[in-house]
2 protein chains.
Amino acid sequence: MTDDEQRRPVTTAATSLGILERLKSGGPMGPTGLASELGLAKSTVHRHLKTLEREGFVVPDDDGYRVGLRLLDFGIYARDQHQLYEVAKPKLDELAEQTGEKVWCVTEEQGRGFHLYGAAGAHSVRTPAREGTRSYLHQLAAGKAILSAFPDERVRDIVDRHGLPAKTPRTITDPDALFEELATIRERGFALNREEIVPKLHAVGVAVTDNEGHPVGAISISGPSNRLRGDRLTGDLADLLLGAANEVEINLNFS
Amino acid sequence: MTDDEQRRPVTTAATSLGILERLKSGGPMGPTGLASELGLAKSTVHRHLKTLEREGFVVPDDDGYRVGLRLLDFGIYARDQHQLYEVAKPKLDELAEQTGEKVWCVTEEQGRGFHLYGAAGAHSVRTPAREGTRSYLHQLAAGKAILSAFPDERVRDIVDRHGLPAKTPRTITDPDALFEELATIRERGFALNREEIVPKLHAVGVAVTDNEGHPVGAISISGPSNRLRGDRLTGDLADLLLGAANEVEINLNFS
DNA sequence: ACCCCCGTTCGAACTGTTCGAACAAGATTT
DNA sequence: AAATCTTGTTCGAACAGTTCGAACGGGGGT
């Protein structure tokens, strides 16, 4: 059904984007290193780099080239365009102060979760997530909340496309188990994450939907597992989140 | 001297990047609109969009395509890599709370200024600047502070390359006037901006340099002209900034 | 029910990219 | 200090890929 196979991709452009991704995942590099890692000729990479540099997408560095701040310009623009961001942001700051934990706002794009904004509470712990981070939806409390608001068919497409890769032994890797979990989430209204992405890290997540019931994203609270457990997790914090999500939903429909 | 003319740019990649920029400046569009604005065939644009979509750089939208959040991932990464960001951030938050104004941290790339991070104080006003915004250095207090830390030759190159475009009647547009201003800044240690980029907006800026004297960026405080004037601007606020910049410089050299 | 506009596909002509070799410059080594 | 290796850069030719225009199919509007 999902014809992922693109008929005739622009391979030249894809090469440039591949260089960009390599510079992000592998750190600053020069033409020689990139060429050997990407299986291209030095001269080819060189020409691509010069073109990317002309547009500000890469910048010369001591160790070769690195991704340029022009991408921050684009990225922040993309975030600001998102309806959820501006509405949820003040509410997230409020939640972070109230709970003292880390509060995130996540949205879906192409079947993946993107961390739009994170508010740090007084006792919030450091996690691998940053703003902009792209994650698998099934590995996040907020992600599972989003999935629970999708029709089953859509969830199945996403699972087919991206699979259910594991991050910890507790990550959901079985489609059937995922659908069971989503049913539970739909019933009680919020999603839980118990060490499914980072050991010793728990989280609660609630979907934010538009007036047609389609999810525009989700908000979540995450923190150390010994602080986020029992009634505090499934009671106070979940209720707080449900209320906040509801507020955001109302504001969304009038903006 | 500056051979801006690239010998053989990868025009295909440049086309893709051009589409990206058009989507940012012109808002979401479809292949037809982009093709007419860029002077390309519909089918060409379509193929580029599909390729960009495959990498997450653009995403389908009600009105066609829009820039994707993958760019936020890249952009935030680029910011986090910057040495100045993590060191300056806590100090900026502190300054914002102390002064109640908007505090920015700006760095230079390719002769342009990039807003890395902005902390909003209690009374801070809304300005056109966002995080990621690319500006002309001569239009910013922080930008002029950066320029004042460059050797004259470097400043001349930047002026040759980007010119001195005006934003308001008070923007410096004459190279000689700029060099005079930079000399003054070097003497007193801080830069001023009096309605040179936005009417009724003033700012103070101080450069942050590494242990070799090269600027890694600058920090600034900006606010309404009737609040940022006289002794408060050139005295209290300037002193506060100078102290903050000095702290940041020390922390920079040990990280 | 019609039409128009937009997104999409396809084939052929051609423009642009890719590759490898060669050059220059800097760093590291002997 | 000379020599050698590596890196960034330039160049030309063969090739591969991109571009364009036309045509198809679908959705919204009149």
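In what follows, every heavy atom counts, from backbone to side chain, and hydrogens, waters and symmetry copies are set aside. A, B, ... follow the sequence lines: proteins, then strands. Residue 1 opens every chain. This one's a predicted model, so the numbers in the text were calculated from it and none came from an experiment.
Residue pairs meeting the salt bridge (charged side-chain N to carboxylate O under 4.0 Å, His left out) criterion with at least one member in residues 134-146 of chain A, sequence neighbours excluded, are A:K144-A:E181, A:K144-A:E196.
Here the P atom of nucleotide D:dG8 and the OH atom of A:Y65 are 8 Å apart, to the nearest Å. For the pair A:D61 CG and D:dT7 C1', the interatomic distance rounds to 15 Å; values are reported in whole Å. Nucleotide D:dT6 holds its P atom 16 Å from the CE atom of A:M29, rounded to whole Å. Protein atom CG of A:D62 is 13 Å distant from nucleotide atom P of D:dG8, rounded to whole Å. If you take CG of A:L49 and P of C:dT18, they are 12 Å apart, rounded to a whole angstrom.
With respect to B:E108 and B:R154, a salt bridge is recorded, a charged nitrogen being found less than 4.0 Å from a carboxylate O. With respect to A:R70 and A:D73, a salt bridge is recorded, a charged nitrogen being found less than 4.0 Å from a carboxylate O. Salt bridge status for A:E53 with A:K50: present, with a side-chain N to carboxylate O gap under 4.0 Å.
Look at A:K50 and you'll find a side-chain N or O under 4.0 angstrom from OP1 or OP2 of D:dT9. When the side-chain nitrogen and oxygen atoms of B:H46 are compared with OP1 and OP2 of C:dG7, none of them lie within a distance under 4.0 Å.
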Just by protein heavy atoms under 4.0 Å, how would nucleotides 18-25 of chain D read 5' to 3' in B, S and -?
-> BBBB----
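With hydrogens and angles left out, the side-chain atoms of A:H48 and A:S16 include a donor and acceptor closer than 3.5 Å.
Applying the side-chain contact (heavy atoms from CB on, under 4.5 Å) rule to B:N251 yields the partners B:V87; only residues at least two apart in sequence or on another chain are considered. With sequence neighbours excluded, the residues satisfying side-chain contact (heavy atoms from CB on, under 4.5 Å) with A:A244 are A:K91, A:L95, A:I219.
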How does DNA chain C read in dot-bracket, base by base from 5' to 3', with Watson-Crick or G-U pairs under 3.5 Å and | used when the partner is on another strand?
-> |.|||.||||||||||||||||||||||||
Could you give the side-chain donor-acceptor pairs of residues 23-34 of chain B under 3.5 Å, partners two or more places apart or in another chain?
unit_1 : atom_1 : unit_2 : atom_2 : d
B:S25  : OG     : B:E21  : O      : 3.1

